[in-house]
> 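Have a look at the structure that comes next, please.
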Amino acid sequence: QVQLVESGGGLVQAGGSLRLSCAASGRTFSNLVMGWFRQAPGKEREFVADIRWSGGSTYYVDYGDSVKGRFTISRDNAKNTVYLQMNSLKPEDTAVYYCAARTIVTMTYGYWGQGTQVTVSS
């Protein structure tokens, strides 16, 4: 089992920044692929970003098209934490943001946090 706890959400004006954190416990963190997803009211859940550690200083990251160039995902394996730095926020970024985890061999995210609300005002 993996437990995930997000933090860092809040209210910000358009053009501002927020950093989300997700603390993981329960399994060897460095072996997990960590992802961020979001869901706005009335919309389907959307992939935001994910990150995999490949050893040493090598990380593989991927981003959803709507956040490329504005959001940055990172992880600190020593702290069992993944981050999402969100810059140049737009009102359409308003959503509940979820941290998720999966193993490298499992393509489906099986572990989810409770979510943290991000609201961007215009």
Side-chain angles (χ1 to χ4, degrees):
Q1 287 291 340
V2 177
Q3 293 77 43
L4 303 171
V5 179
E6 303 101 332
S7 61
L11 174 64
V12 64
Q13 289 189 332
S17 299
L18 278 176
R19 188 175 84 153
L20 305 182
S21 300
C22 173
S25 61
R27 291 190 66 160
T28 303
F29 179 77
S30 58
N31 292 340
L32 296 172
V33 179
M34 301 300 299
W36 286 99
F37 293 77
R38 67 186 184 185
Q39 188 165 21
K43 296 188 176 181
E44 293 187 353
R45 187 169 60 197
E46 176 187 14
F47 169 75
V48 175
D50 66 16
I51 184 167
R52 174 169 67 91
W53 180 59
S54 187
S57 59
T58 302
Y59 298 85
Y60 294 99
V61 299
D62 192 19
Y63 295 96
D65 288 342
S66 61
V67 306
K68 283 180 180 176
R70 300 188 298 123
F71 291 10
T72 302
I73 189 171
S74 62
R75 64 190 293 161
D76 186 334
N77 288 339
K79 296 182 177 179
N80 290 355
T81 302
V82 62
Y83 304 96
L84 184 69
Q85 177 66 43
M86 304 185 294
N87 297 330
S88 302
L89 283 161
K90 306 174 182 180
E92 51 263 44
D93 293 318
T94 296
V96 177
Y97 284 70
Y98 296 92
C99 174
R102 63 176 176 89
T103 65
I104 293 175
V105 298
T106 304
M107 298 309 297
T108 303
Y109 283 89
Y111 306 102
W112 295 84
Q114 82 286 354
T116 185
Q117 177 70 47
V118 172
T119 303
V120 185
S121 63
S122 57

> Between CZ of Arg52 and OG1 of Thr58, what distance do you get to the nearest 0.5 Å?
10.0 Å

> Around atom CD of Gln1, are there more than 12 heavy atoms from other residues, nucleotides or ligands closer than 6.0 Å?
no

> Treating Thr94 as the side-chain partner and Val120 as the backbone partner, does any N or O pair qualify as donor plus acceptor under 3.5 Å?
yes

> Side-chain contact test, heavy atoms from C-beta onward, threshold under 4.5 Å: evaluate it for Asp50 versus Tyr60 and give yes or no.
no

> Linking I/L/V/M/F/W/Y whenever their side-chain heavy atoms sit closer than 4.5 Å, directly or via other members, would Tyr111 and Val5 fall into one cluster?
no

> Taking C-beta and beyond as the side chain, do Asp62 and Phe47 meet within less than 4.5 Å on heavy atoms?
yes

> Any pair with a residue in residues 68-108 that passes ring pair (Phe, Tyr, Trp, His ring centres under 6.0 Å), sequence neighbours left out, goes on the list, sorted by first then second residue, please.
none

> Under a 4.0 Å N-O cut-off, is there an ion pair linking Asp65 with Lys68?
yes

> Considering non-hydrogen atoms only, spot the tightest contact between Ile73 and Tyr63 and give its length.
N-OH, 3.0 Å

> Can you tell me how far the CD1 atom of Ile51 sits from the OH atom of Tyr59, to the nearest 0.5 Å?
6.5 Å

> Heavy-atom distance under 4.5 Å between the side chains of Met86 and Val67, does that happen here?
no

> Can you give me the closest heavy-atom contact between Ser66 and Glu46, atom names plus distance?
OG-OE2, 2.8 Å

> Taking distance alone, no hydrogens or angles, what donor-acceptor pairs closer than 3.5 Å link side-chain atoms of residues 8-36 to residues at least two apart or in another chain?
residue: Ser17; atom: OG; partner: Asn87; partner atom: OD1; Å: 2.9
residue: Ser25; atom: OG; partner: Gln3; partner atom: OE1; Å: 3.4

> Look only at the side chain of Gln39 and the backbone of Ala95, and say whether a donor-acceptor pair between them is shorter than 3.5 Å.
no

> About how many Å separate CG of Leu4 and OG1 of Thr81, when rounded to the nearest 0.5 Å?
10.5 Å

> What I'd like to find out is whether the side chain of Asn77 reaches to under 4.5 Å of the side chain of Arg75, using heavy atoms alone.
yes

> Just verifying a value: how many Å separate Ser54 OG and Ile104 CD1, rounded to the nearest 0.5 Å?
7.5 Å

> Of the non-hydrogen atoms in Gln117 and Val96, which two are nearest, and what is the gap between them?
OE1-CG2, 3.3 Å

> Which heavy atom of Ala101 sits nearest to which heavy atom of Val2, and what is that distance?
CB-CG1, 4.4 Å

